Amino acid sequence: MSNPPTAAPFGPLQHGDALENLSYEDSKFAPSAEFARNAVVGAEVYAEADADRPAFWARQARELLTWSRDFTQTLDWSDPPFAKWFVGGEINAAYNALDRHVENGLGDRTAIFFEGEPGDTRTYTYAQLTEEVKKAANAFESLGLAKGDRVAVYLPMIPEAVITLLACARIGAVHSVVFGGFSADALRSRIEDAEARLVVTADGTWRRGKPSALKPAVDEALSGGGHTVENVVVVRRNGQEVDWHQGRDHWWADTVGAASNQHTAVGHDAEHPLFILYTSGTTGRPKGILHTTGGYLTQTAFTHQAVFDLHPDTDVYWCTADIGWVTGHSYVAYAPLINAATQVMYEGTPDSPHQGRWWEIIEKYKVSIFYTAPTAIRTFMKWGRDIPDRYDLSSLRVLGSVGESINPEAWMWYRDVIGDNVGKNGEKKDNPAPIVDTWWQTETGAQMIAPLPGVTATKPGSAQVPLPGIAVDVVDEAGESVPDGHGGFLVIREPWPAMLRGIWGDPERFKDTYWSRFQTMYFAGDGAKKDEDGDIWLLGRVDDVMNISGHRLSTTEIESALVSHPAVAEAAVVGAADETTGQAVVAFVILRCDATDTGDAIVQELRTHVGKEIGPIAKPKTILVVPELPKTRSGKIMRRLLKDVAEGREAGDATTLADNTIMQTITDSLKIRK
Ligand code: ATP
Ligand code: MG
């Protein structure tokens, strides 16, 4: 961490703390008897994992995956923090995601229902997807790509993205996906950092009904040399004109299209690198996180099955994450296919061509498991419930959340309006869909803290319980476990299968960032609290904890208090330097579309509201009404940029923002209001 605080970020729960006061704090929603009875995973897994953690993971590895060579040792932790899982084992990720399902008679099952933004659709069965991946693997090999080589992937959410990732994994090449919304500069630095030999991209994509270019950014990133890229494969997606570099550039349709559909997958070592992926850069310079094969596949497959209660023969799964984010790796490209699920993939934005597009997709494909981010849910709240009410949402039976804490208000809306809504006629369901809030990071590779939908009585706003086989804890500054009812630093005490194996090319930064604060424990950088039941509540980044006249306050709690006001759609809170109080709470809020009062009166009312919900000390000194908030590709609020604004500085590195015009929009809107 850049600047680890010396004291535990949060003390015991005080009377007046947001967690005590938020109106849903006492609500608990137990699974229905029917859901519990049919659940894939029951409460017994906790006991099994507690009794022998490595044995539990070894069983998952052998049951969920097909190894070309069995492993001889489950975990080698002799050289911490460098773990080796499933030592001696050999496995091919693509074979596990594809070929074996075809061999097992599932070739005709739909793997992907693709929905393009303009409304074009494609369906791939497992047999067809296997064939495409074999062709891509042959094509990449014919371009000279070999095991261990790196491939930069700069693609929109189209099936070729999944095909590319699996083709790389098949031949042992290491993919490094760069979000399609990033600039040429961000792409160049990632291409150079990984020393990529191949880039896979598209002419462009569609955004809100308009074509949007990708290839020009690749051309720009590769101009001026200084890189190791030999070939660029280009998918034709939106048909726009592109510059062509003869000899370097190849159309996907020509190379992959012409390649043979015969390709034998060989096993790679369990610790063979699978991919590099950069963190969101919410707290600083993005880190190139390295993941390897066997442990990553084991934990993503297990969590996808257990946390979403996946019944692969009947469920239709949809994760809305972009492939440029870790969620789009673990829970789009890998786990669903490893588990032989049928999934939906959508290219565009939720409001194109209308604000009901997502619900329309759920109705059309009868989606039963839906996984999205709180930022999306708050956007839908802002647009109003009459939009989802127009669609048939009765197929939904599990709802997931990831990326940041889901405010209790948003959680309840998700449950009532999406999970407990037959739709169209406003009828309630017999059993509302359980919500699973999943805490994890690019670094953890897979979900770490989450309820099990057939076991856990869920609480609005809490990720609650470490998954079986995962040793999460909340500790004080000395590394001692805090008692229930107290807060501190979130740590992971024992190695886990999908853990990062390092930061690409920077072993020292790996040790410094995660292993220096508590030596033998992984420090996640997040603050958390255990409630009286021992359930875990995530409270935001330790770096973001505010110190107001000696009181430690969490961004998440104040944001949740603001969002619980009916006029507020979204809120971001930062601590800005203040001469009298050390730091002062500054809140940026987006009002709901139907909010009538947008002036000073609402600002006063919101201050009073926070005072009532949490206590006078938490009342924001300044509340700024803004049209947008700066967010990363995965929808996380970039508080550090808002802090720059609040402290009157030029905003810092904004290269990982999903939309880099946002900061200008915000500062302009503040100038107008002054
Ligand atoms: P960087 O490390 O570069 O600052 P980042 O941490 O935003 O970027 P990610 O790996 O995408 O990059 O995000 C992981 C972080 O997201 C977690 O550490 C946590 O702060 C937050 N997060 C993810 N899921 C949840 C959740 N369910 N509840 C609360 N916070 C979450
Ligand atoms: Mg992080």
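In this text the structure is predicted, and so the values were computed from the model without any measurement. Counting starts at 1 for both ligands and their atoms, following the listed order.
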Under 4.0 Å to a heavy atom of [X] - the qualifying atoms of ligand 1, by number:
X: Ser405; value: 28 (N), 29 (C), 30 (N)
X: Lys287; value: 1 (P), 2 (O), 3 (O)
X: Asp437; value: 26 (C), 27 (N)
X: Thr442; value: 9 (P), 10 (O), 11 (O)

Among all protein heavy atoms, pick out the one at the shortest distance from [atom]; state its residue, atom name and that distance to 0.1 Å.
atom: atom 22 (N) of ligand 1; answer: Gly403 O, 3.2 Å
atom: atom 4 (O) of ligand 1; answer: Thr283 OG1, 2.5 Å
atom: atom 16 (O) of ligand 1; answer: Lys636 NZ, 3.0 Å
atom: atom 7 (O) of ligand 1; answer: Thr282 OG1, 2.3 Å
atom: atom 11 (O) of ligand 1; answer: Ser280 OG, 2.7 Å

Min heavy-atom dist [X] to ligand 1 below 4.0 Å:
X: Gly525; value: no
X: Asp526; value: yes
X: Ala463; value: no

Within a strict 4.5 Å, meaning less than it, do heavy atoms of the [X] and [Y] side chains meet?
X: Thr320; Y: Thr327; value: no
X: Ile449; Y: Val465; value: no
X: Arg190; Y: Arg150; value: no
X: Ser330; Y: His291; value: no
X: Asp309; Y: Arg397; value: yes

Before signing off on this row, confirm whether Ser401 and ligand 1 have an N or O atom pair separated by under 3.5 Å.
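In fact, backbone or side chain, Ser401 has no N or O that close.
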Looking only at N/O atoms, are Pro286 and ligand 1 under 3.5 Å apart anywhere?
no
Can you classify the ring geometry of His329 versus Phe275 as parallel (below 30°), tilted (30 to 60°) or perpendicular (above 60°)?
tilted
So Trp318 and Tyr346, would you call those rings parallel, tilted or perpendicular, with 30° and 60° as cut-offs?
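If you compare the ring of Trp318 with that of Tyr346, the planes turn out perpendicular.
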Asp535 side chain to Ser462 side chain, donor-acceptor N/O pair below 3.5 angstrom
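Per modelled atom types, Asp535 and Ser462 side chains form no pair under 3.5 Å.
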Could you tell me if Trp411 and Asp437 have a donor-acceptor pair between their side chains, going purely by distance under 3.5 Å?
no
For ligand 1, is any non-hydrogen atom under 4.0 Å from [X]'s backbone (N, CA, C, O), its side chain (CB onward), both, or neither?
X: Glu404; answer: backbone
X: Thr438; answer: backbone
X: Trp325; answer: side chain

Heavy-atom proximity to atom 18 (O) of ligand 1, best of Gln447, Met638, Gln441
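Residue with the shortest heavy-atom distance to the ligand atom: Gln441.
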Given Glu443, Arg640, Arg541, which has its nearest heavy atom closest to atom 15 (C) of ligand 1?
Arg541
Heavy-atom donor-acceptor pair, Thr656 side chain to Thr632 backbone, under 3.5 Å
no
Is Thr513 reaching over with its side chain to a backbone N or O of Phe510, donor-acceptor style, under 3.5 angstrom?
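Not confirmed, Thr513 side chain does not pair with Phe510 backbone.
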Could Arg517 and Phe489 be counted as a cation-pi pair, given that NZ or CZ must be under 6.0 Å from the ring centre and within 45° of the axis?
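Arg517 over Phe489 ring: yes.
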